[in-house]
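One structure is given here, and the rest of the page talks about it.
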Amino acid sequence: MKVFLIIWSGAAFVWWLIALILLALGCRQKTAGALGKRASISVFKPLPPVRDEQECAALAEAIGTFISQLAAEDEIIIGMDATDAAGWQPGLQAWRESWPSARIKVIVREVPRQWANPKISWLQVLALSAQGEVWVWSDADVVAPPGFLSDIVYQLATSGSNAVTSPYAVQHIQQAPGVLDALFVNVEFLPGALLLGRLSQRDFSYGAATAFRAETFRARGDWHKLGTALADDHKLGKLLKPVTLSKTMVSTITKPAGWAEAWQHYYRWQKTVRWCRPGGYAALLVLMPVMGWVLASLFSGLKLFFVAGLGAALGGEILVALLACWLVGCQLPAATWAGILLWPFFRAATWLLVWLPLPVLWSGRQRAWFSPQQE
């Protein structure tokens, strides 16, 4: 038992070392290049439901990082729920005042519901107005670094791929429960995304930002397959492959209302990965030696060796989490420390829970999904 637990822990921390190296290399600011005359761009931004003015202002600031990069021939198309239109007016006014020459199309209407996936329902509506040669689908809570749009279009033009998708990190935590999003994205998701970008697998994409030619989507896209998928970004990558990982990383903001909503979001992320790649998700057990040390400690009557091993495994995982967040530029306020200390247990418990036949809820719309595909 002792040898098995030591080998299990060693294998896990070999990966964590690789993960930290990937983050150190992948999070350096890069510039893909420059084109003399690039293709015109249509940026798609369907707006989610918002709770208050602060959340609306944060999303407006994030969207502004895209508007500021639009060239004369580019456009951004924003889908806005008619019931939220009044609350978005200050943000809309700020965009037009800050970038008066930017082509900002705002489509205000009742939330479209032709598909189970609310984001795809909006994107299909927005696509009717898109005139750009390159489409960039990007979630509303994504912050783009300077030069991002030029970089991703350059990479699309030179990579030989049908699409370019951007990895993302969480760099700012506004409230303590947001640490769960930060730990999932920065520690659990991002290293794997960076590794996939270095391997031959090219059938993935991420909702943070994916660029592709409009003509490619018209030839290979399928609104039905996307609209009935919980992980629409995963499905998009399958449809448009080959896909290249962008050299430029974006960031996403997180502001859950409380720990219950934060866990709901974390569970949905984990369940989606389990549904999309069950074999790879099952293999994550290798990265959870804490489970073994906990069981060994309990069944041994809390013998010192196993308790010490548990403490070492916990301390190592917490150190990895702190280093990963530091590498991506994520500040961890003191209020998040309790969440960080509990994260190894929380991650293991969630890994077990997602194998049960329980649904996930789509944040905001509160629609239950019992499978990765739903009509």
Would you please test Ile67 and Lys45 for side chain to side chain contact (heavy atoms under 4.5 Å, CB included) and show each step?
-> CA-CA 11 Å; Ile67 299 176; Lys45 288 287 183 179; over 6 Å; no
Steps toward side chain to side chain contact (heavy atoms under 4.5 Å, CB included) verdict (Arg347, Phe184) = CA-CA 9 Å; Arg347 184 168 64 94; Phe184 175 81; over 6 Å; no
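Leu183 places none of its side-chain heavy atoms less than 4.5 Å from the side chain of Phe346. Put simply, the side chain of Ser161 does not reach to within 4.5 Å of the side chain of Val243, judged on heavy atoms. Within the 4.5 Å cutoff, side-chain heavy atoms of Phe66 are placed close to those of Val142. Residues Ile63 and Leu47 are in side-chain contact: their nearest non-hydrogen atoms beyond the backbone lie under 4.5 Å apart.
Among Tyr267, Trp263, Trp269, the single residue meeting the ring pair (Phe, Tyr, Trp, His ring centres under 6.0 Å) criterion with His265 is Trp269.
Between the side chain of Gln69 and the backbone N or O of Pro145, at least one donor-acceptor pair lies under 3.5 Å. Between the Asp74 side chain and the Ile41 main chain, a donor and an acceptor come within less than 3.5 Å of each other. With hydrogens and angles disregarded, a donor-acceptor distance shorter than 3.5 Å links the side chain of Asn162 to the backbone of Lys241. At distances below 3.5 Å, not a single donor-acceptor pair connects side-chain atoms of Lys235 with backbone N or O atoms of Thr228. Although no hydrogens or angles enter the test, the distance criterion places a donor-acceptor pair under 3.5 Å between the side chain of Ser205 and the main chain of Asp233. The main-chain N or O of Ser297 is found under 3.5 Å from a side-chain atom of Ser300 such that the two form a donor-acceptor pair. Of the possible polar contacts, one joining the Arg213 side chain to the Leu156 backbone as a donor-acceptor pair under 3.5 Å is found. Between the Asp81 side chain and the Asp84 main chain, no donor and acceptor come within less than 3.5 Å of each other. In this structure, Glu55 contributes its side chain and Lys255 its backbone to no donor-acceptor pair below 3.5 Å. Between the side chain of Ser138 and the main chain of Ala209, no donor-acceptor pair closer than 3.5 Å is present.
Taking hydrophobic clusters as Ile, Leu, Val, Met, Phe, Trp and Tyr residues chained together by side-chain heavy-atom distances below 4.5 Å, Leu23 shares a cluster with Leu199. Linking ILVMFWY residues whenever their side-chain heavy atoms come closer than 4.5 Å, directly or via other members, leaves Phe306 and Ile7 in distinct clusters. Following chains of ILVMFWY side-chain contacts shorter than 4.5 Å, one can reach Val294 starting from Met291, so the two form part of one hydrophobic cluster.
Side-chain contact annotation: Ser40 with Glu133, donor-acceptor N/O pair under 3.5 Å present. Side chains of Glu97 and Gln93: a donor on one and an acceptor on the other come within 3.5 Å. A donor-acceptor contact under 3.5 angstrom links the side chains of His224 and Glu375, judged on distance only.
By the 30° and 60° cut-offs, the orientation of the rings of Trp351 relative to Tyr281 is parallel.
Shown here is Trp259, whose CH2 atom has more than 12 heavy atoms of other residues, nucleotides or ligands within 6.0 Å. Counting non-hydrogen atoms of other residues, nucleotides and ligands closer than 6.0 Å to CD of Gln373 gives a total above 12.
Val250 and Ala208 get closest at one heavy-atom pair: CG2-CB, 3.8 Å. Residues Val328 and Val170 come closest through the heavy atom pair CG2-O, 4.0 Å.
Under the 4.0 Å criterion applied to side-chain N and carboxylate O atoms, Asp222 and Lys238 are not assigned as salt-bridge partners. Of the charged side-chain nitrogens involved, none lies within less than 4.0 Å of a carboxylate oxygen, so that Lys119 and Asp141 do not count as a salt-bridged pair.
Listed by first and then second residue, the side-chain hydrogen bond (donor to acceptor under 3.5 Å, both in side chains) pairs involving residues 285-295 are Ser9-Trp293 (not counting sequence neighbours).
In this structure, the ring pair (Phe, Tyr, Trp, His ring centres under 6.0 Å) partners of Trp223, at least two apart in sequence or on a different chain, are Trp137, Phe217.
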